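Here's the structure we're looking at; comments come further down.
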2 protein chains.
Amino acid sequence: MLSKKTKYGLKALAYLGNQKDRKPVQISEIAAHENISQKFLESILLSLRKSGFLSSKKGKGGGYYLLKNPDQIYMTDVMRVLEGPIAMVPCVSLNFYESCDDCPDEARCSVHKLMLQVRDSALAVYRNNTLQDILCDTPKEVK
Amino acid sequence: MLSKKTKYGLKALAYLGNQKDRKPVQISEIAAHENISQKFLESILLSLRKSGFLSSKKGKGGGYYLLKNPDQIYMTDVMRVLEGPIAMVPCVSLNFYESCDDCPDEARCSVHKLMLQVRDSALAVYRNNTLQDILCDTPKEVK
DNA sequence: TATTAACCCTATAGATTTAGTAGATTCTTA
DNA sequence: TAAGAATCTACTAAATCTATAGGGTTAATA
């Protein structure tokens with residue numbers, strides 16, 4: 001299951017991506033528009049800022065804004081920050097690899113065999129989508 | 001993340017699939033061989049039996065055995081029983097659909113747009129794999 | 001009839017998720 | 001320089017999920 005953190009994070013990024021300009025948007029506006037608990041969203045936006053997707057401005061007229069163009073923001077990176085590993089088991093993870101302590105031989109492990117394929121297929125989707133591609137009214141171009 | 005239930009369930013199915021015949025195999029044997037908590041495995045095998053993948057025999061010489069040939073056991077079905085929905089959000093689930101109460105328009109939802117692709121790609125993998133395909137020493141045939 | 005092994009029910013520690021609360025800090029504007 | 005607006009930080013808490021343990025019951029076999 002996708003965590004609400006990821007779901008809200010994606011929605012917030014999309015909301016910012018749909019803005020005409022890059023003027024700061026307040027947390028309260030995003031929260032209201034996307035039906036998100038404001039305080040929860042606050043912590044999500046913070047982690048998106050710390051990982052370099054967003055920047056923020058304090059004080060009056062402040063808020064959050066995208067640091068890059070939507071077509072430069074890859075879902076692979078966003079998902080890894082919000083949801084964590086793309087792989088469903090650590091032993092097939094590219095960025096968060098860990099061997100299973102209960103499994104004597106990865107090469108002969110059924111779970112490994114299957115989850116490797118699942119990881120690759122998910123990765124293909126995330127690599128093929130930028131924030132631009134999932135904005136509303138933006139039909140996905142076939143590459 | 002893949003739950004241990006699913007991981008153990010897959011391993012148990014694979015263990016049974018690797019047997020030469022279909023004689024009942026005891027829970028204790030599978031648990032020992034695959035490093036699984038016996039009690040936990042018990043409940044997993046029970047749910048696999050109730051969903052029609054396995055059958056069991058009580059008493060001496062009893063145990064669990066596969067009801068079908070490994071090449072007739074599709075990962076799509078196994079995953080749905082063990083892990084639940086294949087989709088990461090209910091609003092893109094084929095078998096467990098639920099609309100999001102916080103989302104006014106699915107067609108214009110970024111999360112929906114992305115997760116639909118992820119579901120399809122995962123589904124493609126699960127549909128293309130039977131238990132036979134993930135057994136050890138069984139190279140996956142290209143279809 | 002004794003043994004064996006699946007079956008079934010209950011409880012629980014621990015982790016994770018999803019927030020809510022309170023206050024501090026920083027920036028902008030008047 | 002004061003006031004207000006907004007982010008930032010830290011602590012807490014409820015709710016759920018996960019993984020496992022315990023113990024008694026039922027059915028099959030020898």
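Each chain gets a letter, A, B and so on, in the order the sequences are listed, and its residues count up from 1. Keep in mind that what you see is a predicted model, and the values were worked out from it rather than measured.
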**Prompt:** Quick one: which of D/dT29, C/dT18, C/dC27 gets closest to the side chain of B/Lys60?
**Reply:** D/dT29
**Request:** Give the nucleotide from the list C/dA22, D/dA19, C/dA19 with an atom nearest to the side chain of A/Lys39.
**Result:** C/dA22
**Request:** Can you figure out which of D/dC8, C/dA19, C/dA6 approaches the side chain of A/Lys58 most closely?
**Result:** D/dC8
**Fill in**
Here the ring-ring contact (aromatic ring centres under 6.0 Å, His included) pairs for residues 12-62 of chain B, sequence neighbours left out, are B/Tyr8-B/Phe40, B/Tyr15-B/His33
**Item:** Which residues share a salt bridge (Lys or Arg N to Asp or Glu O under 4.0 Å) with A/Glu29, sequence neighbours left out
**Value:** none
**Request:** Could you pick out which residue, B/Gly59 or B/Glu42, lies toward the 5' side of DNA chain C when each is mapped onto its nearest nucleotide?
**Result:** B/Gly59
**Asked** Could you state the CZ-P distance from B/Phe40 to C/dA11, rounded to the nearest angstrom?
**Response** 19 Å
**Prompt:** Are A/Ser93 and A/Glu98 close enough, and set up right, to give a side chain to side chain donor-acceptor pair (under 3.5 Å), and what steps lead you there?
**Reply:** CA-CA 8 Å; A/Ser93 177; A/Glu98 252 179 86; over 6 Å; no
**Prompt:** What's the OH-P distance between A/Tyr65 and C/dC27, to the nearest Å?
**Reply:** 12 Å
**Asked** Whole-Å distance between C/dT17 P and A/Tyr8 OH?
**Response** 14 Å
**Prompt:** In residues 45-57 of chain A, which ones come under 4.0 Å of DNA chain D, going by heavy atoms?
**Reply:** A/Leu46, A/Arg49, A/Lys50, A/Ser56, A/Lys57
**Prompt:** Is any side-chain N or O of A/Ser37 closer than 4.0 Å to OP1 or OP2 of C/dG20?
**Reply:** yes
**Nearest-neighbour nucleotide for the A/Gln26 side chain, D/dA6, C/dA19, C/dA5 considered** = D/dA6
**Prompt:** Does one hydrophobic cluster hold both B/Leu135 and B/Tyr65, with members joined at side-chain heavy-atom distances below 4.5 Å?
**Reply:** no
**Message:** Rounded to whole Å, please give me the gap between CE in A/Met88 and P in D/dT18.
**Reply:** 12 Å
